[in-house]
Amino acid sequence: MTAVAEIDARPRYTVSIARLQRGMMWLCGFSGFVVFIEPSPYEAVLALAMALFVATGLRLTATHVPLIVLIFFYQLGACITLVQVIDKPDTLTWTLTGIYLALTGIFYALVIAEDTDGRLRALLQGYVVGAVICALIGIPAYFHKLPDYEQFLLYERVRSTFKDPNVFGPFLILPAALLLQRFLTRGLRASLVVLPALGILVIGVFLSFSRAAWGQLVLSAALMTVITFAQSDSPRERRRIVRLAIVGAVLLALFVVALLAIPAVMDLFVQRAALEQPYDAGRLGRFGRHILGFMLALDKPFGIGMLQFSTIFPEDTHNTFLNAFMSYGWLGGVMWPAIVASTLVIGGMALSVRTPWQRAFVCIYASYVVSVGEAWIIDEDHWRHLHLLQGLVWGLAIASRRWRAAHPAAEAPRTGSREAATTTAP
């Protein structure tokens, strides 16, 4: 009887709320690569995640209010401009989609501020796995080794499960930065498992033939490396970072040379590598439209409405700051730079706090900084991963502030738990 009682007294396996929440975070990160249909699986997963966290507890604090207020007025500008074009095709759907994506950014800021280490690790692991799969779909499609490969290409450039190569490429930047950081900080032998995944992501970015994505990869990696180096207290680790950064640069060069040995790749590379494309130059080229668009904005306090810029000029704005004035009016035109600036400031102020997630924060912040820089040459207001990055910067900044208040004299170790947040290799 005693033996039976001891067996019955053993704890049974149960799924805790925390485990369920982290699992949902993993799904949110993973599902982000399937967006060629609308509504996409990502939107469905986010809706379920929002419902789960609202039902199980989602805490709003005063530190979240500035972000919420800025986003509210930004989207209010969209609603005001919508009135004048609501009868135009797709304008209502586009506006509602933008509002929903803005809500996802707020959601991430709320969620990551609690149980930060566990939720962030799950989210980033899912993101990396999804990104690698996305690249693995696009790479063989480019070489026509996949059934129905045409649907994963656009103008002979890889778009994979995205609608546009110019979104597919930037989507891979954050996971590439995470894997690169692990390679630099943990050493070659300890990180061999991440190198194949990192190589897949780099090839994916390259085959997107997006000049902005190429630049974003290089600049994000450089910024991440510099900040990680500066934050390290170990001379040995600093030497390793420098040594492996050189090794990484050599490996990247070999990757590019190997790809350029393929004639089709070389031809498209030469075409895309030019700093100025035909559609960039001229009075109505990309940069000419920027000037004319900002001049038009001076006379349009309520903007011209969503999706209307291309009815006046040959193409879209290709500038998120200009698009804010055109599609959101003067109110949105002021709010968008305010959102960007406040995110950069609050993230930069918290970046030096030594937390278990500091190194992952470095990758996220570096990716966001370069991404909003790219916003000057492309429309990003509907990029799902940009709202993700923005929300993560706010959530991590708030969590880091709390950590510093709770551990005023504590110094987080440079290895162990803090690196665990970037242990995201598939």
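All values reported here derive from a predicted model rather than from experimental measurement. For this chain, numbers begin at 1 and follow the sequence in order.
- A parallel orientation is assigned to the rings of Phe30 and Trp26, their planes being inclined by less than 30° (bins at 30° and 60°).
- Panel note: side chain His64, backbone Ala109; a donor-acceptor pair is recorded below 3.5 Å.
- Residues satisfying the salt bridge (Lys or Arg N to Asp or Glu O under 4.0 Å) criterion with Arg238, sequence neighbours excluded, are absent altogether.
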Throw together a table of side-chain donor-acceptor distances under 3.5 angstrom for residues 343-352, partners on residues two or more places apart or in other chains.
residue : atom : partner : partner atom : Å
Thr343  : OG1  : Ile339  : O            : 2.7
Thr343  : OG1  : Trp394  : NE1          : 2.9

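- Within a 6.0 Å sphere centred on CZ of Arg401, heavy atoms belonging to other residues, nucleotides or ligands number 12 at most.
- Defined by atom type and a distance below 3.5 Å, a donor-acceptor pair is missing between the side-chain atoms of Arg359 and Gln181.
- Between Leu389 and Ile364 there is a side-chain heavy-atom pair separated by less than 4.5 Å.
- When only modelled atom types and interatomic distance are considered, Ser310 and Glu315 share no side-chain donor-acceptor pair under 3.5 Å.
- Judged by distance alone, with hydrogens and angles left aside, the side-chain atoms of Ser160 form a donor-acceptor pair with the main-chain N or O of Cys134 at under 3.5 Å.
- The backbone N or O of Ala397 sits nowhere less than 3.5 Å from a side-chain atom of Ser400 that would complete a donor-acceptor pair.
- With contacts defined as side-chain heavy-atom distances shorter than 4.5 Å, the pair Val372/Gln390 does not qualify.
- Using cut-offs of 30° and 60° on the angle between ring planes, the pair Trp403 and Trp357 is perpendicular.
- One N or O on the side chain of Arg119 and one on the backbone of Val111 form a donor-acceptor pair closer than 3.5 Å.
- No donor-acceptor distance shorter than 3.5 angstrom exists from the side chain of Thr81 to the backbone of Gly303, with no hydrogens or angles considered.
- Residues Tyr328 and Asn323 bring no donor and acceptor atom of their side chains to less than 3.5 Å of each other.
- A heavy-atom distance below 4.5 Å is not found between the side chains of Tyr108 and Leu110.
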Just list the side-chain donor-acceptor pairs under 3.5 Å for residues 165-179, sequence neighbours left out, or say none.
residue : atom : partner : partner atom : Å
Asn166  : OD1  : Arg157  : NH2          : 2.8
Asn166  : OD1  : Ser210  : OG           : 3.1
Asn166  : ND2  : Asp164  : OD1          : 3.4

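- The distance from atom OG of Ser367 to atom CG of Leu388, rounded to the nearest 0.5 Å, is 10.0 Å.
- At a cut-off of 3.5 Å, with distance as the only test, no side-chain donor of Glu237 or Thr185 sits close to an acceptor on the other residue.
- Counting only distance, with no hydrogens or angles, the side chain of Ser232 and the backbone of Phe229 share no donor-acceptor pair below 3.5 Å.
- Note on Arg22 versus Asp115: salt bridge recorded, some NZ/NE/NH1/NH2 to OD/OE distance being below 4.0 Å.
- Within a 6.0 Å sphere centred on CD1 of Ile291, other residues, nucleotides and ligands contribute 12 heavy atoms or fewer.
- For the atom pair CG (Leu296) and CD1 (Ile304), the distance works out to 6.0 Å, reported to the nearest 0.5 Å.
- Side chain of Trp376 to backbone of Thr320: no donor-acceptor contact under 3.5 angstrom is found.
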Ignoring hydrogens and angles, write down the donor-acceptor pairs under 3.5 Å from the side chains of residues 69-79, residues two or more places apart or on other chains.
none

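- The closest donor-acceptor contact from the side chain of Arg384 to the backbone of Thr104 lies at 3.5 Å or more, if one exists at all.
- By the 6.0 Å contact criterion, CZ on Phe302 is open, its count of non-hydrogen atoms from other residues, nucleotides or ligands being 12 or less.
- Ring to ring, Phe107 and Phe53 are close: their centroids are under 6.0 angstrom apart.
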Exercise. Would you check, one step at a time, whether the test side-chain hydrogen bond (donor to acceptor under 3.5 Å, both in side chains) holds for Glu43 with Ser40?
Key: CA-CA 5 Å; Glu43 272 86 48; Ser40 71; 2.5 Å; yes
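- Taking the six-membered ring for Trp and thresholds of 30 and 60 degrees, Phe361 and Tyr365 have ring planes more than 60 degrees apart, a perpendicular arrangement.
- Scanning for ring-ring contact (aromatic ring centres under 6.0 Å, His included) contacts around Phe36 gives an empty result, with sequence neighbours left out.
- Counting only N and O atoms by type, the side chains of Thr228 and Gln231 include no donor and acceptor under 3.5 Å apart.
- The list of salt bridge (charged side-chain N to carboxylate O under 4.0 Å, His left out) pairs with a residue in residues 48-65, not counting sequence neighbours, reads Arg59-Glu114.
- With hydrogens and angles ignored, the 3.5 Å screen pairs no side-chain donor or acceptor of Ser220 with any backbone N or O of Leu217.
- Between Trp94 and His382, a ring centre-to-centre spacing shorter than 6.0 Å is recorded.
- In this structure, CG on Leu101 lies 8.5 Å from CG on Leu46, to the nearest 0.5 angstrom.
- For the pair Asn319 (side chain) and His290 (backbone), a donor-acceptor distance under 3.5 Å is absent.
- Taking every heavy atom of both residues into account, Ile377 and Phe287 meet most closely at CG2-CE2, 4.1 Å.
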